[in-house]
Chemist: 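Sharing a structure here in structure tokens format.
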Amino acid sequence: MAECKKLSPEELANTDGGVLIARRAAAVKYEDLSEAEVLMTKKAILDTLGCIIGGSGLGNRCTDFVEMANETGGKPEATILGWGGKYPALYAAAANGGMAHTLDFDDTIPETGHQSAGTLPATLAAIEYMGGATGKELITAMACGADMVCRLHKCCPTSTAMGWVGTATTGIFGGAVGAAKAMGLDEDGIAHAIGWALWQASFSGQVLNETGSDAREVYAAFSQSYGFLSALLAKRGMKSCVNSIEGKDGLFNKYYRPFDSVDPQYIKVQPGDVFEGVNGQIKPWCSCGQTHGYIQAVKSLMAEYGFKADDVKEVFVKVGDLGKKLSESYEARYVPKKANDARFSIPYTLACTLLDGDVTLGCFLPENLEKHYETAAKVKWEYDEATANDPNCKGLEPAYVKITLNDGTVYEKTVTFPYGHPKNPMTMEDICNKFRDCCSYSKKKMSSKDVEKVIELCLNLENVEDVSEIIALVS
């Protein structure tokens with residue numbers, strides 16, 4: 001294994017970013033992580049476990065992956081969380097991946113990537129496949145995989161605008177790196193795992209142009225099973241390619257065109273550089289992150305001035321490119337028939353805020369969709385160039401809201417960094433309460449004692465001798 005050392009600018013420029021990621025991932029130990037990196041990784045693990053558990057009971061088509069695993073059977077290698085039972089690790093990674101993102105409640109970064117759903121399911125599958133791991137080993141593998149996802153998004157925050165489902169594309173690389181680290185692969189092995197991930201990455205953004213698609217809900221099932229498979233192929237000594245990110249036909253040149261929109265500096269990782277998952281944002285609301293600024297603006301105005309939904313004549317919002325996608329289809333955004341369309345709707349989530357005082361998991365139950373339609377109709381939107389190009393935001397756009405009451409009173413508010421953003425992070429208490437809420441929807445019911453035990457173990461994960469103790473509690 002090559003020594004993980006600082007490279008000169010010339011050496012750095014001539015070394016593929018995937019090789020650099022692999023080199024550092026192979027060399028890093030738990031003791032190399034900062035206190036902040038460890039803490040954020042533990043929060044992310046707890047939060048993602050909660051999202052998977054909640055998804056086990058509330059998810060829509062992600063349950064198909066569980067059913068397929070049951071129908072197919074095979075060697076009992078890894079656990080499907082929230083349901084229980086062991087299956088081939090590839091199937092477990094797919095099922096847990098599908099559940100991790102099905103509620104769109106999993107953590108993100110400001111550049112809009114979903115780093116933990118793009119890492120943890122494949123990493124857990126690899127840990128169980130290998131026979132177990134300590135909490136420190138899980139933290140380290142998770143930090144490596146999440147770093148890969150975050151860095152790819154920082155290199156190209158507009159990858160989705162280029163016609164790819166950016167979070168799915170990066171997730172397969174995060175899953176491959178996390179799983180490869182959990183399998184104990186060396187630099188060459190991790191580099192080839194990244195190469196196998198490139199070979200399988202093909203997440204077309206066409207599903208984002210259509211409503212009613214199940215693909216948007218379950219994409220992490222593919223990124224995590226493929227990520228695990230990529231690591232497994234590399235573990236078996238199968239060679240793919242090593243210049244996977246910046247090579248002539250690598251990720252940047254083939255997926256992230258035009259190339260001048262890519263800033264490769266973020267993938268040029270050096271020893272001692274931050275593990276970017278530390279800048280993650282845990283989501284307080286189970287809807288697209290772009291809705292969160294609008295939700296917070298309305299909640300703040302309601303709390304300050306005391307008006308109710310019946311008092312509101314109109315809610316006017318300014319939107320950029322992403323906000324427009326979450327507003328312009330009447331059928332999907334104003335009268336959604338599926339929870340997944342409702343979660344990606346500014347009008348619907350603001351209707352929930354006005355009627356229910358908050359946006360909760362219950363807002364997206366099938367029986368609760370229709371009651372929000374009349375209030376959603378009060379939401380009007382306008383495309384705004386300044387919102388689309390705001391220099392303070394990377395990925396998510398600022399949220400401007402103007403509320404006009406029936407008596408003519410007008411209230412306005414703009415939110416740039418909503419609750420959960422790294423500049424406005426969720427409290428530990430709220431993170432734990434979110435986990436408890438998710439667990440209440442588990443397919444296989446959990447006792448309050450077990451829920452509290454999982455919280456305790458995750459927040460003290462560095463002291464856990466075998467993470468199978470946690471897996472058993474959430475299964």
Chemist: Any sub-3.5 Å donor-acceptor pair from N96's side-chain atoms to A93's backbone N or O?
Modeler: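 No; zero donor-acceptor contacts below 3.5 Å.
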Chemist: Identify whether the distance between the nearest side-chain nitrogen and carboxylate oxygen of E397 and K318 falls below 4.0 Å.
Modeler: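 Looking at K318 together with E397, the answer is no, because their closest N to O distance does not fall below 4.0 Å.
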Chemist: Are R343 and Y348 in a cation-pi setup, meaning NZ or CZ lies under 6.0 angstrom from the ring centre and within 45 degrees of the ring axis?
Modeler: no
Chemist: Is there a donor-acceptor pair under 3.5 Å between the side chain of T102 and the backbone N or O of G59?
Modeler: no
Chemist: Using ring centroids (six-membered ring only for Trp), state whether H292 and Y419 fall under 6.0 Å.
Modeler: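 When the ring centroids of Y419 and H292 are compared, they turn out to be at least 6.0 Å apart.
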Chemist: Looking at C288, is its backbone amide N or carbonyl O close enough to the side chain of D104 to form a donor-acceptor pair, meaning the two atoms are under 3.5 Å apart?
Modeler: yes
Chemist: Strictly below 4.0 Å, N to O, side chains only: are D107 and K43 in salt-bridge contact?
Modeler: no
Chemist: Under 30°, 30 to 60°, or over 60°: which ring-plane class applies to Y219 and H101, parallel, tilted or perpendicular?
Modeler: tilted
Chemist: For residues F228 and Y91, establish whether the separation of their ring centroids is below 6.0 Å.
Modeler: no
Chemist: Taking the side chain from K6 and the backbone from P271, do they hold a donor-acceptor pair closer than 3.5 Å?
Modeler: yes
Chemist: Heavy-atom distance under 4.5 Å between the side chains of D214 and N60, does that happen here?
Modeler: yes
Chemist: Between K154 and D263 (salt bridge meaning N to carboxylate O under 4.0 Å), is one present in this structure?
Modeler: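 Judged by the 4.0 Å cut-off on N to carboxylate O distance, K154 and D263 do not form a salt bridge.
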